[in-house]
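Below is one structure, written out as C-alpha cells; comments come after it.
Predicted, not measured: the structure shown is a model, and the values here were computed from it. Here is the naming used below: chain letters follow the sequence lines, and residue numbers restart at 1 for every chain.
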2 protein chains.
Amino acid sequence: MNTPKDAVQPGGEPVAQARAFSSHDHTLCSGHALALAEEMAQERNLRLTPVRRRALEILLEAHRAIGAYEVLERLSEEGFGKQPPVAYRALDFLVDHGFAHRIRRLNAFVACGHPGEDHAPIFLICRDCNAVAEAEGGPVRNALDAAGAAVGFVVERASIEAVGQCPSCASVAA
Amino acid sequence: MNTPKDAVQPGGEPVAQARAFSSHDHTLCSGHALALAEEMAQERNLRLTPVRRRALEILLEAHRAIGAYEVLERLSEEGFGKQPPVAYRALDFLVDHGFAHRIRRLNAFVACGHPGEDHAPIFLICRDCNAVAEAEGGPVRNALDAAGAAVGFVVERASIEAVGQCPSCASVAA
DNA sequence: GGTATTCATGTTATATTATCACATTCCTAT
DNA sequence: ATAGGAATGTGATAATATAACATGAATACC
C-alpha cells in the first residue's frame, strides 16, 4: 500500500494551513474522527462503505478543504473507481449525513469538525492561506432564521461563509 | 431590435417567481434601478459601458437569479461578444461594484435590490420555486463578525445564503 | 437457504461553469 | 497626437458536476 498521507501537493499554489485558526481541534484528527464516524454510522444505520470511509479519511488527512477531483484522484489511486461520480457520490453521502461540509465558495469539501453533534457551522476562509475554519454559528443561524421569518421564509439549510484574514496571516502581514 | 424582455424560458424547469417574497421591491424595477445605477457610476467614476449596462438590464428584467451563460446568450443575441468572458467580465464588474450579487449556491447572479446603499445582504432561496429574495442581513452579519472575532478572524466579505420555503410555496403546500 | 428488492458502485458520455492567453479597439490624460 | 491603460473580443481549454445505464453487493422477507 502506498502512503497517501505523505503525498506532496501537486501545484505550487499557496496551500492552506493544516490546522484551524487559534486552536487545533483534535476531534478532526484522522483516527479519532474516523472511529467516531464509524460509531455514528452504526447508531444511525448508515452504511459507511469502503469508498465513503476512505473519502472521509482523505478529507481528514488533508485537514483542509479539497475539491472533488482531488479526492477522486486519491480514491482511484487506491483501486476505487476513476470517474467523477465515484467521488461526488461519496462526498454527497458524507455531506448529507453530516460527516463533511461543502464549501461553496471554494467548490470544495471539508471534514466536519463536530460530527454527530447537531450544530450550525459557519466557515471562515482565509484569503491569504486559504485555510478554512469551521466555527460555531448558533447565533448567526438564529439571526438568519429571524431575518427569514420576518418575510415569512422558513430557513431549512444555510451556507454561511466568510472570507477574510486569519490570525496568523494577519500577524505575518503586520 | 428584438424583444428579449418577452423571451420565453427555454426549459420546462420550475421557474422562479418574478418577484421577491411578500412585497415587490420596485427599486429593482428595470427603468428606475438602471437610472440609479447610471447615477452611481457617474458619481464614482465607474464606466458603465454598453455590455455592462445591458448585462445589468438583463438581470433586472429577469428579476431572478440567472446564470452567466444565460446572460451571455442574451448579450450575444444583441450583438455583443459570444464568448464566456464577455458575460463573466460584465458580471464581475457588476458584482465588484455592488450592482449585482453572486448566488454561489445557484452559480447565478441577481441584480442588487439596494444599489448604492451600503448593506449586508443575505439571500433566501426557495427550494420549490427557486425564487431568490435579498433580505437585510445587518444583524446576521454582526453575529458573523463576532463569531470571527472570537477566533481572531477578520471578516471582509461574506456569503450568507439560506435555502428553505418561501411564503407562497408554503401556502400552496398546505 | 432462496429470491426479490433496494442500495451501492462502476462506466461512458456529456453538461455546466469558469478561466487563460492574446489581439484589437477604445478611452483618457497628457 | 499619442502613450498608457482599460475594455472588448476571440479561440482554446480548464474545472466542476450530472445523466444514464449496467453490474454487483447487502438486506429483508418468506
Side-chain angles (χ1 to χ4, degrees), chain A residues 9-13 41-42 44-56 58-59 65-97 99-110 130 159 161, chain B residues 9-13 41-42 44-56 58-59 65-97 99-110 130 159 161:
Chain A
Q9 291 308 121
E13 322 86 45
Q42 194 99 67
R44 302 187 188 181
N45 231 356
L46 300 174
R47 293 162 66 180
L48 190 56
T49 61
V51 222
R52 292 169 176 174
R53 189 195 151 97
R54 187 61 193 125
L56 178 53
I58 288 167
L59 292 184
I66 65 184
Y69 278 76
E70 196 175 341
V71 172
L72 175 61
E73 193 184 329
R74 308 248 205 137
L75 287 174
S76 66
E77 282 170 3
E78 299 173 24
F80 296 104
K82 297 177 155 42
Q83 305 302 325
V86 169
Y88 281 103
R89 283 195 291 232
L91 290 167
D92 286 348
F93 170 89
L94 296 175
V95 170
D96 285 349
H97 296 96
F99 298 110
H101 300 290
R102 186 169 200 153
I103 309 299
R104 305 211 81 109
R105 190 151 204 128
L106 303 176
N107 292 323
F109 300 82
V110 70
N130 257 299
S159 23
E161 302 175 1
Chain B
Q9 293 305 124
E13 323 86 46
Q42 194 99 66
R44 303 185 186 183
N45 230 357
L46 301 174
R47 293 162 65 179
L48 191 57
T49 61
V51 224
R52 291 166 175 176
R53 189 194 151 99
R54 188 60 193 125
L56 178 53
I58 288 167
L59 292 183
I66 64 184
Y69 278 77
E70 195 175 340
V71 172
L72 175 61
E73 193 184 330
R74 309 247 205 137
L75 288 174
S76 67
E77 280 168 4
E78 296 172 28
F80 295 103
K82 294 176 155 48
Q83 305 301 324
V86 170
Y88 281 102
R89 283 194 290 232
L91 290 167
D92 286 348
F93 171 88
L94 296 175
V95 170
D96 284 350
H97 296 96
F99 297 111
H101 300 289
R102 186 169 201 154
I103 310 297
R104 305 212 82 109
R105 190 155 206 122
L106 303 176
N107 292 321
F109 300 82
V110 70
N130 257 300
S159 22
E161 301 174 2

Review point. Any side-chain heavy atom of B:Glu78 sitting closer than 4.5 Å to one from B:Arg54?
Key: yes

Exercise for review: Check whether any side-chain heavy atom of A:Phe109 sits under 4.5 Å from a side-chain heavy atom of A:Leu56, and report yes or no.
Suggested key: no

Revision key, fill the gap. To the nearest angstrom, the CG-P distance between B:Leu72 and D:dT8 comes to 14 Å

Exercise for review: Could you state the atom-to-atom distance from CG of B:Leu48 to C1' of D:dA6 in whole Å?
Suggested key: 15 Å

Check your understanding: Counting only side-chain N and O atoms of A:Thr49, is one of them less than 4.0 Å from OP1 or OP2 of D:dA25?
Key -> no

Check your understanding: Would you say B:Arg102's side chain and B:Ala108's backbone share a donor-acceptor pair under 3.5 angstrom?
Key -> no

Check your understanding: Just how far, in rounded Å, is P of C:dT11 from CZ of A:Phe80?
Key -> 12 Å

Check your understanding: How long is the line joining CG of B:Leu91 and C1' of D:dT8, in whole Å?
Key -> 15 Å

Practice item. Calculate the interatomic distance between A:Leu75 atom CG and C:dT11 atom C1'; express it in whole Å. Key: 16 Å

Practice item. Send over the distance from A:Asp92 CG to D:dT18 C1', rounded to a whole Å. Key: 10 Å

**Study point:** Heavy-atom side-chain contact between A:Val95 and A:His101 under 4.5 Å
**Key:** no

Exercise for review: Could you check if a side-chain atom of B:Arg47 sits within less than 4.5 angstrom of a side-chain atom of B:Arg52, using non-hydrogen atoms only?
Suggested key: yes

Review point. What heavy-atom pair brings A:Ala55 and A:Val71 nearest, and what distance separates the two atoms?
Key: CB-CG1, 4.3 Å

Exercise for review: Calculate the interatomic distance between B:Lys82 atom NZ and D:dG11 atom P; express it in whole Å.
Suggested key: 10 Å

Check your understanding: What string of B, S and - do you get for nucleotides 22-30 of chain C, 5' to 3', when a contact is any protein heavy atom under 4.0 Å?
Key -> -----S---

Check your understanding: Side chains of B:Val110 and B:Leu59: closer than 4.5 Å at any heavy-atom pair?
Key -> no

Check your understanding: Would you say the side-chain atoms of B:Glu161 pair up with the backbone N or O of A:Ser159, donor to acceptor, closer than 3.5 Å?
Key -> no

Point to revise | B/S/- contact track for nucleotides 12-18 of chain C, protein heavy atom under 4.0 Å | key: B----BB

Study note, to complete from the structure: Between CG of A:Asn45 and C1' of C:dC7 the distance, given in whole Å, is 13 Å

Check your understanding: Any side-chain heavy-atom pair from A:Tyr69 and A:Tyr88 closer than 4.5 angstrom?
Key -> yes

